[in-house]
Structure formats: C-alpha cells, structure tokens
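One structure below.
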Protein chains: 2
Amino acid sequence: MKLSDFEQPSVTTDLVIFTIKENSLKVLLVKRNVEPFKDKWALPGGFVRIDESLEDSAKRELFEETGVKNVYLEQLYSFGNPKRDPRGRVITISYFALINSEKVKLKASTDVSEAKLFSVSKIPLLAFDHKEILEYAIKRLKWKFEYTTIAFSLLPKKFSLGELQKIYEIVFEKKIDKRNFRKKILSLGILKKESIKKDAPHRPPQLYSLKNKIGEIINIL
Amino acid sequence: MKLSDFEQPSVTTDLVIFTIKENSLKVLLVKRNVEPFKDKWALPGGFVRIDESLEDSAKRELFEETGVKNVYLEQLYSFGNPKRDPRGRVITISYFALINSEKVKLKASTDVSEAKLFSVSKIPLLAFDHKEILEYAIKRLKWKFEYTTIAFSLLPKKFSLGELQKIYEIVFEKKIDKRNFRKKILSLGILKKESIKKDAPHRPPQLYSLKNKIGEIINIL
DNA sequence: CCAAAAGTGTTAGTGATACACCCATGT
DNA sequence: ACATGGGTGTATCACTAACACTTTTGG
C-alpha cells in the first residue's frame with residue numbers, strides 16, 4: 001500500500017493568539033487579501049510545510065505575525081469538515097497562544113493586508129469556520145486560567161498581585177475579592193518575593209516572581 | 001494561490017479504544033500485516049477519506065474494528081512529527097473511545113491480521129509513535145473519569161452503584177471508600193432509582209439509571 | 001489632605017476524608 | 001450457617017466565600 005493510493009488533503013495550522021490590552025481580552029485577526037474570503041477577517045494561519053512539525057508550523061506563523069517567540073502555545077483542536085474550505089479538502093490543526101502585548105510587533109504577512117487586535121466581545125464576521133475555532137479557544141482559555149498558572153505568562157518577570165488579579169478579572173469579566181485571591185495565590189507556594197516597586201502613584205506594591213522557571217505551567221486542580 | 005502549490009501530507013485517524021473486561025482496563029490493538037511495522041501491534045486507524053469529516057473517519061474505523069456505534073468518542077490530539085511514519089509525511093488525528101465490552105465483536109479488518117484487547121499494564125511494543133498516543137490517552141481518560149460522567153458509558157442502562165464503583169477502582173487502580181463514593185455520586189442528582197435487581201447471589205442491589213439522556217456527559221468539576 | 005491602589009483576618013458554610021457494622025439473599 | 005456484596009452516619013479537616021478598614025505613596 002502506498003500513501004499515494006489515498007487522496008491527500010491539505011493541512012494548515014491556525015492560531016488563536018490572545019493578549020490583554022486596554023483592560024480587555026483581545027485576539028489577533030488578519031484581513032485576507034486573497035480568495036477565498038478576500039477582505040474578510042480570519043485567524044492567522046497557513047499551510048504546514050512538508051518537513052516541519054505541527055508545533056513548528058504554529059510557532060513559525062506566530063513569529064511571522066507577531067515577532068514573538070517562546071510564549072505559551074498549546075494545541076487546541078483539529079477541524080476537518082470536508083466543506084470548511086471552498087477550495088477543497090483542508091484540515092486545520094488549531095493552536096492557541098498567550099502573549100504579552102508589550103512585546104508584540106504586528107506585521108501583515110503575505111496574503112494578509114492588515115493585522116489587528118480585536119476585543120473578544122467585538123469580533124467581526126470571520127472566514128471559514130474560524131468563529132467556531134475562536135469560541136472553542138475562549139472556552140479553553142477560561143478553563144486554563146482557572147486550573148493552571150498560564151495567566152502568569154501574560155506578565156513580566158516581576159509583577160504585583162494586583163496586576164495578576166486584574167488579568168483574572170478581565171478574563172472572567174467579574175470582580176474578584178482581593179483578600180481571597182491573594183490568600184489563594186500565595187498558598188500555592190509558587191511565588192518568590194522580590195523588591196518593592198518604586199515610583200508608584202500610590203502605595204508601592206510588593207513584587208513577586210515565579211519560583212519555577214518561566215513558562216512552566218502547573219496544574220492547580 | 002492554489003492548494004496544490006503546497007505539498008500535501010497524508011492524514012489518518014488513530015483510535016484508542018478503551019474498555020473494561022476481567023477487572024482490568026483494556027485497550028484494543030491490532031497486528032499489522034503490511035509494512036511498515038509488519039507484524040507489530042498498533043492502534044487501529046486508517047486514512048481519512050476525502051469526503052468524510054475527521055469524526056466520521058474515526059467512527060467508521062471504530063465500527064470496522066468493533067462493530068459498535070453510538071459510543072463515547074472524543075478527539076484526543078493531533079500528532080504530526082515529520083518522521084513519525086517512515087513512508088513519508090503522515091499526520092494523525094487521534095481519538096479515544098469508551099465501549100462496553102459486552103457489545104464488542106472484534107474483527108480483523110484489511111491490513112490487520114489480528115485484533116486483541118490488552119491490559120494497559122501489559123502493552124507490547126507499538127508501531128509508529130503509538131506508545132506516546134496511548135500514554136496521552138490514558139492520562140486523558142483518568143482525567144475525564146475524575147471530572148465528568150463518562151464512566152457511566154461503560155455500564156448498561158440500569159446499574160448498581162457497586163458496578164459503577166468497581167469501574168472507578170479499576171481505572172484508578174485503588175480502592176475507594178464505599179460510603180463516600182455513594183454519597184458523592186448520589187449528591188450529583190443525576191440518577192433515578194429503578195427497580196431492585198433480582199437473582200443476585202447475595203443481597204440484591206438497588207438499580208439506578210441516568211436522568212439525562214444516554215451519552216450526555218456532564219462536568220462535575 | 002486627597003486620591004489610588006496595597007495590604008490584612010475572621011467567620012460561616014461546604015465538601016472531602018476516615019472509619020465499622022448490619023442486611024438481604026443464594027447456596 | 002456462611003459467603004457475598006449491599007447499604008448506612010458521624011466527626012474532623014481543609015477549602016471557599018463573604019465582608020471593611022488601615023497603610024503608603026505621589027501630587
């Protein structure tokens with residue numbers, strides 16, 4: 001039996017890139033300048049090259065769109081409805097990424113006229129089945145925030161508990177009790193005290209850093 | 001831009017089919033009778049047809065191997081290391097299924113000389129990267145047992161709490177306190193009392209059924 | 001002295017765990 | 001009568017949730 005005995009689909013990776021900016025959870029979308037769905041917004045993505053792994057493909061596209069590397073990236077789900085792309089059979093492996101908005105340099109790449117961050121509450125019509133992918137990603141994001149430490153990957157090395165709490169409040173769209181939040185985070189035993197921040201326009205906060213190495217995500221179930 | 005501008009990989013679905021039999025968690029493996037990995041054990045799977053969805057492909061293969069339909073099936077993860085198949089670029093979308101062993105009729109299909117259930121504690125060397133896929137599936141299975149009601153899909157419509165507990169004990173490989181287990185399950189409020197089982201060789205148990213429709217999995221986080 | 005965010009404890013309720021004996025049936 | 005699995009309650013501990021005031025700084 002040879003591989004060529006079977007019709008071969010095309011395979012892409014698509015990325016749901018989240019960040020927090022201006023007190024809101026944002027996702028990166030690109031405007032397509034080629035058919036199909038020309039001039040429509042879509043998730044960034046592209047074809048998997050024949051000699052790269054799925055994760056490498058996702059990392060490459062992430063870098064092409066945002067200029068960032070070494071950020072939180074995980075495989076989300078694979079979508080393969082035979083009709084999802086009008087050009088023919090295209091299967092996509094979706095990934096989601098979390099990046100610190102300070103580090104991003106948005107670039108429109110080939111096939112794309114514009115790249116922009118959208119609040120997840122104001123998403124335009126999307127190409128292909130990207131609405132479904134995005135909704136799935138948002139669910140997973142919330143879940144991961146609740147049960148792991150991925151939220152920390154949106155912060156600089158040293159951060160205050162207030163900054164951390166703000167991120168949670170934005171993602172869950174609700175106020176959190178400060179005392180309970182601090183108690184819970186500190187009881188995890190994963191933070192190291194750093195210096196006290198200077199030059200705050202109010203009482204300066206205690207800064208913390210992660211004890212384990214950056215990017216190591218732990219489960220707190 | 002045309003799809004054919006990109007080299008197209010082959011795409012398969014592979015299945016991790018779990019069941020419980022003889023007080024042990026088992027997984028279905030097939031013995032390959034073609035190259036590569038001829039005469040080696042592997043997860044059942046096959047190429048995705050050009051006009052079927054990923055899930056339909058998994059369902060079709062599940063049916064071909066076991067003769068069962070309408071069982072618990074979920075997408076697991078996609079594996080796409082460029083070297084995972086010596087024949088060339090093959091990306092696989094893995095699925096995991098949970099079936100009641102009473103309903104299974106194992107069939108060796110094309111390319112396969114034998115199909116057999118193996119205890120997860122006694123897995124032979126596997127073809128491709130199937131060991132990795134299986135380990136991932138076992139982790140997910142345990143997680144799902146802990147936080148959802150998938151365990152019920154291994155039972156007949158009417159079952160006793162003892163039968164349910166036994167399944168948990170097999171999957172987690174440890175004894176569970178009977179009183180606490182019953183308290184927790186009953187407090188979920190998802191069970192309906194049925195009749196009392198007759199013809200038990202000991203005190204006959206109260207039978208229960210699920211209030212919601214079969215196959216509906218709920219989260220109990 | 002005012003504004004703005006940081007920091008701090010206690011109580012009540014809920015869910016998890018540990019634990020041992022009697023019951024109903026078939027043989 | 002015995003073997004087998006079915007069935008039951010209580011006490012302790014850990015975690016969660018609700019709740020308000022003082023502190024430190026810059027302007």
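Letters go in sequence order (proteins before strands), and every chain restarts at 1. Note that these values count all heavy atoms, side chains included, but never hydrogens, waters or copies made by symmetry.
Summarising the geometry, the separation between CD1 on B:Ile185 and P on D:dG7 is reported as 14 Å, rounded to the nearest angstrom. Between the C1' atom of D:dG5 and the NZ atom of B:Lys166 lies a distance of 9 Å, rounded to the nearest Å. If you measure from atom CD of A:Gln165 to atom P of C:dA6, you get 8 Å, rounded to the nearest angstrom. In this structure, A:Phe181 places its CZ atom 16 Å from P of C:dA5, rounding to the nearest Å. For the pair B:Lys184 NZ and C:dA18 C1', the interatomic distance rounds to 16 Å; values are reported in whole Å. Between A:Leu207 atom CG and C:dG7 atom C1' the separation is 14 Å, expressed in whole Å. Going from atom CG of B:Leu186 over to atom C1' of C:dA16 covers 16 Å, rounded to whole Å. Rounded to an integer number of Å, the gap from B:Leu164 CG to D:dG6 P is 12 Å.
With DNA chain D read from its 5' end, the first of the two nearest nucleotides for A:Asp177 and B:Ile196 is the one closest to B:Ile196. Positionally, the nearest nucleotide of DNA chain C for A:Arg182 lies more toward the 5' end than for the other of B:Asn180 and A:Arg182.
Of the listed nucleotides (D:dG6, D:dG9, C:dA16), D:dG6 has the atom at the smallest distance from the side chain of B:Lys178. Of all nucleotides listed (D:dG6, C:dA18, C:dA16), C:dA18 comes nearest to the side chain of B:Lys183.
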Name the pairs: protein N/O against N/O of nucleotides 24-27 of chain D, kept only if under 3.5 Å.
from, atom 1, to, atom 2, distance (Å)
D:dT24, O2, A:Arg203, N, 2.9

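Put simply, the side chain of A:Arg179 and the base of C:dA6 share no donor and acceptor less than 3.5 Å apart.
A:Glu169 and A:Lys174 are not joined by a salt bridge, as no carboxylate oxygen comes within less than 4.0 angstrom of a charged side-chain nitrogen. Using a cut-off of 4.0 Å between Lys/Arg side-chain N and Asp/Glu carboxylate O, B:Glu146 and B:Lys142 are scored as not salt-bridged. With salt bridges taken as basic N to acidic carboxylate O contacts below 4.0 Å, one links A:Arg140 and A:Glu74.
No side-chain donor-acceptor contact under 3.5 Å links B:Lys103 and B:Asn100.
Ring geometry for B:Phe96 versus B:Phe18: interplanar angle over 60°, hence perpendicular rather than tilted (30 to 60°). Between A:Phe172 and A:Tyr168, the ring-plane angle classifies as parallel under the 30° and 60° cut-offs.
Both tests hold for B:Lys116 against B:Phe118: distance to the six-membered ring centre under 6.0 Å, angle to the ring axis within 45°.
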